[in-house]
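For reference, the structure is listed below as structure tokens.
It should be emphasised that the depicted structure is a prediction, and the values quoted were computed from it without experimental measurement. Just so you know, ligand 1 is whichever comes first in the structure, and atom 1 is the first atom listed for that ligand.
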Amino acid sequence: MIDIDTLTLKNLRLERHEDGVWIVTLNRPAKRNALDVATVDEMILLFANAADWGARAIVLAAEGDHFCAGLDLVEHHRADRSPADFMRICLRWHEAFNKMEYGGVPIIAALKGAVVGGGLELASAAHIRVADASTYFALPEGQRGLFTGGGATIRVSDLVGKARMIDMILTGRVYQGDEAISVGLAQYLVEGSSFDVALDLARKAAANLPLTNFAICSAISHMQNMSALDAAYAESAVAGIVNTQPEARARLEAFANRTAARIRPNE
Ligand code: 1HE
């Protein structure tokens, strides 16, 4: 396995904090963080190994004013790909995004500016999306003579529903602000920096037990792919393992002896 301490990245930047929080930053601002082959390869490497390398929660951030402009259209144009070539590109994207969604490490996307096309597919593979006032979402594929290939038909339609996704890609409809939240494109809309809020959420998530987070950020997605009957059975198996983990005993003890914090509504 590659040694994380000697890893060099070109299009992503990695910052590792003491508490296990990682900041992974899309780092091609001059190209609006468009996803070229090299970037997706780096994502696969990082997200496939994040848990083994000690990540307890990840903020997915972006350099520059835009989160991600989607597929690198210039690279795609110049490469003059065959159908099989592009199918393999899509499978690489799926690998990267599946490592994110199913990898067991919480990923919180700090959004800003354009979250479009493949950029929205990337954001929708994160577990939590935090938008700021500048953030806008769109699927411009329809107008570019393209179709989504990075999982939007599954993840974006899961977020907003099939009818809204079809409208977005057919007409280029742009969502932002409260409307984006109300249709489910992000869970948070913040007045200040989405990065600061995403970091705060990542720190909270990193304080959970890793096995618990593994279940939350893997099992729920797997169970959505199952029949209800199978999902309920799988849930009982996962809960059997997670809810009896020795590491949870101290937390349960603290609740039982009344030293653990109680849940209270916001004042
Ligand atoms: C790019 C890309 C890109 C910018 N591929 N190079 N995605 C799209 O259709 C979005 C296309 N991009 C845009 O609409 C705009 O660039 C933005 C709204 C994101 C930003 O606008 P702006 O005015 O800040 O930047 P710009 O002047 O358009 O672009 C700045 C540079 O970034 C410029 O490069 P330069 O070398 O001429 O300076 C652009 O070419 C470059 N750039 N976006 C390549 N996407 C698996 S299927 C997935 C399907 C899709 O994702 S379809 C793509 C949808």
Side-chain angles (χ1 to χ4, degrees), residues 10-13 25-47 60-102 109-126 129 131-160 162 164-177 179-180 185-186 194-195:
K10 190 164 69 85
N11 295 340
L12 299 178
R13 199 174 62 231
T25 305
L26 303 169
N27 198 19
R28 288 180 85 212
K31 300 295 176 188
R32 306 308 185 251
N33 298 317
L35 299 176
D36 62 353
V37 168
T39 307
V40 174
D41 283 351
E42 289 185 1
M43 279 182 187
I44 293 170
L45 181 68
L46 268 192
F47 293 121
L60 180 62
E63 197 56 55
D65 294 337
H66 298 280
F67 178 73
C68 178
L71 176 70
D72 189 318
L73 295 169
V74 177
E75 181 187 64
H76 179 60
H77 175 59
R78 293 192 178 138
D80 195 20
R81 294 165 172 141
S82 70
D85 291 340
F86 197 68
M87 187 174 171
R88 282 193 298 274
I89 293 283
C90 293
L91 292 175
R92 295 290 284 167
W93 283 46
H94 293 314
E95 196 175 340
F97 298 170
N98 287 343
K99 296 292 185 220
M100 292 172 63
E101 183 179 351
Y102 295 90
L111 306 177
K112 57 183 163 179
V115 184
V116 300
L120 176 52
E121 294 180 308
L122 168 63
S124 66
R129 281 157 295 282
D132 72 5
S134 72
T135 307
Y136 59 96
F137 303 87
L139 292 173
E141 283 87 341
Q143 286 115 310
R144 305 251 185 255
L146 304 173
F147 188 64
T148 58
T153 52
I154 300 117
R155 293 194 184 90
V156 176
S157 64
D158 266 0
L159 292 178
V160 303
K162 182 177 73 172
R164 283 198 189 93
M165 185 198 155
I166 289 175
D167 179 24
M168 287 176 80
I169 187 166
L170 261 187
T171 69
R173 181 169 183 169
V174 176
Y175 282 102
Q176 59 192 320
E179 194 182 21
L185 285 162
S194 58
F195 178 83

Inter-residue atom distance Met165.CE - Ser124.OG, 0.5 Å rounding: 9.5 Å
Check: Gly151 main-chain N/O paired with Glu121 side-chain donor or acceptor under 3.5 Å: yes
Contacts of type ring-ring contact (aromatic ring centres under 6.0 Å, His included), residue His76, not counting sequence neighbours: Phe86
Neighbouring protein residues of ligand 1 - any heavy atom closer than 4.0 Å: Ala30, Lys31, Arg32, Ala34, His66, Ala69, Gly70, Leu71, Asp72, Leu73, Val74, Phe86, Trp93, Ala114, Val116, Gly117, Gly118, Glu121, Tyr136, Pro140, Glu141, Arg144, Leu146, Gly149, Gly150
Partner set under ring-ring contact (aromatic ring centres under 6.0 Å, His included) for Tyr102, not counting sequence neighbours: His222
Contacts of type ring-ring contact (aromatic ring centres under 6.0 Å, His included), residue Tyr175, not counting sequence neighbours: none
Donor-acceptor contact below 3.5 Å, side chain Thr135 vs main chain Asp132: yes
